[in-house]
Amino acid sequence: MTSLKGTGKLIRLILRRDRWLLLVVVLWLAAAPVGLADTYQSQTAAERAEYARTSGSNPTFLALYGPLHSETAGGIVAQRVGAIPLFIGLISLLFVIRHTRTEEQAGRRELLSGTVCGRHAGLTAVLSVAFLGNLLLGLLVASGLSQNLPGSGALAVGLGFAAAGCMFAALGGVAAQLTENAGGARGIAIGSLGAFLLIRLAADTGGPGNDLSWLHWLSPLGWVTELRPFADEQWWVLLLAVALTLLATTLAFAVSSRRDIGAGLLPARLGPAEAAPALGGPLALAWRLHRGLLMGWLIAFAVLGGVFGGIAEGVGDMMKDNRDLQNVFSRIGGQEGLIDSYIASMMSLMGLVAAAYSIQAALRMRAEEENSRAEYLLATGVSRLRWIGGHLTFALLGPVVALAVGGLVAGLVHGANMGDVGGELPGILGAAMVQLPAVWVLSALTLALFGLLPRVTAAAWGGLALCFTLGQFGRALDFDQSVLDVSPFTHIPQVPGGDFTAEPFVWLLAVAAVLAFAGLATSRRRDMGAA
């Protein structure tokens with residue numbers, strides 16, 4: 001029997017399990033660029049030039065989307081979709097880990113190995129589906145954009161999307177070989193993605209030609225922007241993506257062939273023979289389960305805060321030699337108004353990241369349930385509400401600490417740069433903390449799904465994706481305000497610089513309370529492990 005025996009059947013199994021998820025994700029990621037193309041193609045050349053002079057060189061846009069290589073409609077679209085490769089990479093690596101390390105941890109891989117199934121069939125099957133799915137996404141994007149924009153640039157955008165997905169799918173395959181549990185593999189993979197994102201941020205924020213622009217070549221996310229769609233495309237950059245994909249895939253197979261099923265390259269640390277007295281309750285156990293995840297996210301927020309705070313000083317310098325920018329931002333408070341707008345935008349982005357942590361922490365309940373560990377715990381004197389409460393403590397209070405760390409670091413760095421820590425810190429910290437009600441709505445949504453529809457609890461990630469789409473592309477796509485209001489982050493006031501009212505916070509907290517109550521009430525009554 002060859003090591004690839006049964007690959008075709010496993011591919012069909014993966015498609016059978018995730019056919020609807022894959023379809024929704026591919027169509028969602030392909031729709032945004034096409035909609036933006038329609039919007040910017042309808043603009044005049046003067047309007048696009050105005051965008052290039054203002055938003056196209058805005059540090060907020062550069063941090064979120066990357067550089068603007070062309071003032072054409074295609075060049076603007078290529079910049080505005082610059083954040084999508086990050087999500088494609090995240091989805092791809094999580095997809096690969098789900099069908100490799102998660103399957104091993106649950107014991108299903110071992111059952112399959114007892115049949116006519118080769119050693120590398122599982123890894124080959126999931127990578128095949130991931131590569132083909134990303135290529136399909138790239139072709140759909142290229143086909144959609146080519147209806148209104150030049151074909152070569154449209155193809156470059158599509159291939160950039162496909163390249164990002166394939167690279168991180170292969171890196172996810174490597175991460176899946178390193179640890180014995182899926183959580184550790186996800187942490188390694190997401191941490192690598194975050195590091196590549198920070199490198200791209202450092203390379204892009206100063207604009208084209210800045211002293212750190214060479215950092216693009218150290219990040220796969222930077223390679224995607226170096227394709228330069230609609231601006232004399234650099235096709236040879238795709239060779240870097242192909243080389244990394246092949247190297248990571250080869251490494252994943254090499255490590256897989258040398259380890260035991262269920263084991264990882266990194267040895268698991270043995271715990272003590274007896275539990276410490278501190279583990280005597282569900283909250284203490286939740287701390288033991290969540291502390292590694294929380295510490296990793298806190299480090300990420302500290303780094304993000306340092307980057308955002310360091311960039312803020314140079315935002316006002318944009319206006320010194322640009323009369324157009326001076327006229328635009330004089331209406332919102334001049335240089336101070338521009339900096340406030342930048343800080344509000346970055347803290348909103350940090351709120352989305354905090355929501356991602358909150359959802360991941362809340363989903364730990366479902367993971368414990370699916371792996372039957374919760375059942376053993378609930379067989380003791382621990383009530384279901386106490387068990388849920390332990391995990392919810394970190395899903396609700398973890399974002400409080402994370403946003404406080406991010407806002408504090410950003411305020412300290414920016415205040416030190418401006419020589420006024422006492423004056424700058426409160427506003428930036430407040431801008432971070434006002435994101436909490438929106439974050440808690442997504443936390444409560446996860447809990448509601450856990451209680452009402454446990455089988456689709458992971459659909460909470462879809463809520464986060466919707467919030468990101470509406471926030472980043474909603475206005476550019478001319479969505480009606482009623483559609484934009486679906487996202488809880490739409491209702492967060494712009495702080496600093498905007499008018500602060502308590503009404504939206506009351507409504508968001510009420511929505512979160514209703515969702516949380518529904519989740520708690522139904523989770524108490526359903527059978528453990530029910531779908």
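When a residue number appears, it is its place in the shown sequence, counting from 1. These numbers were taken from a predicted model, which means no experiment stands behind them.
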Open item on the list: Quick check: do L429 and P426 have side-chain heavy atoms less than 4.5 Å from each other?
Closed with: no

Task: By side-chain contact (heavy atoms from CB on, under 4.5 Å) - contacts of L283 (at least two apart) - done: T393, F394

TODO: Heavy atoms only: give me the nearest G407-A432 pair and the separation to one decimal.
DONE: CA-CB, 3.9 Å

Open item on the list: Contact between P493 and T501 at the side-chain level, heavy atoms closer than 4.5 Å - yes or no?
Closed with: no

Task: Contacts of type side-chain contact (heavy atoms from CB on, under 4.5 Å), residue I76, not counting sequence neighbours - done: Y40, R48, Y51, L68, R80

TODO: Find out whether Y357 and V439 are in side-chain contact, i.e. whether some heavy atom of one side chain is under 4.5 Å from a heavy atom of the other.
DONE: no

- [ ] Looking only at non-hydrogen atoms, find the nearest pair between S348 and Q435 and report the distance.
- [x] CA-OE1, 3.7 Å

- [ ] With sequence neighbours left out, write down each residue that passes side-chain contact (heavy atoms from CB on, under 4.5 Å) with L227, or none if nothing qualifies.
- [x] P229, V237, L238

TODO: Nearest 0.5 Å please: distance from the CG atom of L466 over to the OG atom of S487.
DONE: 7.0 Å

- [ ] Taking all heavy atoms of A361 and all of A395, pick out the closest pair and write down the distance.
- [x] CB-CA, 4.0 Å

TODO: Spell out, as yes or no, whether a donor-acceptor pair under 3.5 Å connects the side chain of S92 to the backbone of C166.
DONE: no

- [ ] Would you name the heavy atoms of A356 and W461 that are closest together and state the gap between them?
- [x] O-CH2, 3.4 Å

TODO: Over all heavy atoms of both residues, which pair between V34 and G144 is shortest? Give the atoms and the distance, please.
DONE: CG2-CA, 3.7 Å

Open item on the list: Can you see whether H391 engages R364 through a side-chain donor-acceptor pair at a distance of less than 3.5 angstrom?
Closed with: no

- [ ] Could you tell me whether a side-chain N or O of S358 sits under 3.5 Å from a main-chain N or O of A354, the two making a donor and an acceptor?
- [x] no

Open item on the list: Under the criterion side chain to side chain contact (heavy atoms under 4.5 Å, CB included), I'd like the reasoning laid out for L21 against V25: C-alpha separation, chi angles, the key distance, then a yes or no.
Closed with: CA-CA 6 Å; L21 175 64; V25 169; 4.0 Å; yes

Open item on the list: For R366, is there an ion pair with E368 - N to carboxylate O distance below 4.0 angstrom?
Closed with: no

TODO: Answer whether the closest heavy-atom distance between the side chains of V413 and V409 falls below 4.5 Å.
DONE: yes

Open item on the list: Is any side-chain heavy atom of V81 closer than 4.5 Å to one of F161?
Closed with: yes

Open item on the list: Applying side chain to side chain contact (heavy atoms under 4.5 Å, CB included) to L197 and L193, what does each step give before you reach the verdict?
Closed with: CA-CA 6 Å; L197 173 62; L193 179 63; 5.8 Å; no

Open item on the list: Just verifying a value: how many Å separate C467 SG and L352 CG, rounded to the nearest 0.5 Å?
Closed with: 7.0 Å

- [ ] Check whether any side-chain heavy atom of R291 lies under 4.5 Å from a side-chain heavy atom of L294, and answer yes or no.
- [x] no

TODO: Kindly write out the residues that satisfy side-chain hydrogen bond (donor to acceptor under 3.5 Å, both in side chains) with D485, not counting sequence neighbours, or none if the list is empty.
DONE: Q481

Open item on the list: So does E226 get a backbone contact from the side chain of Q234, meaning a donor-acceptor N/O pair under 3.5 Å?
Closed with: yes

Task: Spatial distance of atom CE (M167) from atom CD1 (I88) [nearest 0.5 Å] - done: 10.5 Å

- [ ] Evaluate the side-chain proximity of L392 to L520: yes if any heavy-atom separation is below 4.5 Å, no if none is.
- [x] yes

TODO: Mark yes or no for whether W223, through its side chain, and L240, through its backbone, hold a donor-acceptor pair below 3.5 Å.
DONE: no

- [ ] Please name the pair of heavy atoms, one in V26 and one in L137, separated by the smallest distance, quoted to 0.1 Å.
- [x] O-CD1, 3.5 Å

- [ ] To the nearest 0.5 angstrom, please state how far the OG1 atom of T457 sits from the CG atom of L447.
- [x] 9.5 Å

TODO: Report yes or no: does Q79 contribute a side-chain atom to a donor-acceptor pair with the main-chain N or O of G75 at less than 3.5 Å?
DONE: no

Task: Side-chain touch E233/L155, heavy atoms, less than 4.5 angstrom - done: no

- [ ] Just do the side chain to side chain contact (heavy atoms under 4.5 Å, CB included) check on F450 and T522 with the steps written out, would you?
- [x] CA-CA 9 Å; F450 173 74; T522 52; over 6 Å; no

- [ ] Rounded to the nearest 0.5 Å, what's the gap from CG on L304 to CD1 on I299? Could you check?
- [x] 12.5 Å

Task: More than 12 heavy atoms from other groups under 6.0 Å of CH2 on W507 - done: no

Open item on the list: Is there a side chain to side chain contact (heavy atoms under 4.5 Å, CB included) between L145 and V141? Walk through the geometry before answering.
Closed with: CA-CA 6 Å; L145 291 178; V141 171; 3.8 Å; yes

TODO: Check side-chain hydrogen bond (donor to acceptor under 3.5 Å, both in side chains) between H491 and all other residues, then give those that pass, not counting sequence neighbours.
DONE: none

Open item on the list: Suppose we screen for side-chain contact (heavy atoms from CB on, under 4.5 Å). Which residues come up paired with A438, at least two apart in sequence or across chains?
Closed with: P488, F489, I492

- [ ] To the nearest 0.5 Å, tell me how far T245 OG1 sits from L171 CG.
- [x] 7.5 Å

Open item on the list: Among L509, L508, L403, V441, exactly one meets side chain to side chain contact (heavy atoms under 4.5 Å, CB included) together with L436. Which residue is that?
Closed with: L403

- [ ] Check whether any side-chain N or O of H69 sits under 3.5 Å from a backbone N or O of A78 as a donor-acceptor pair, and report yes or no.
- [x] no

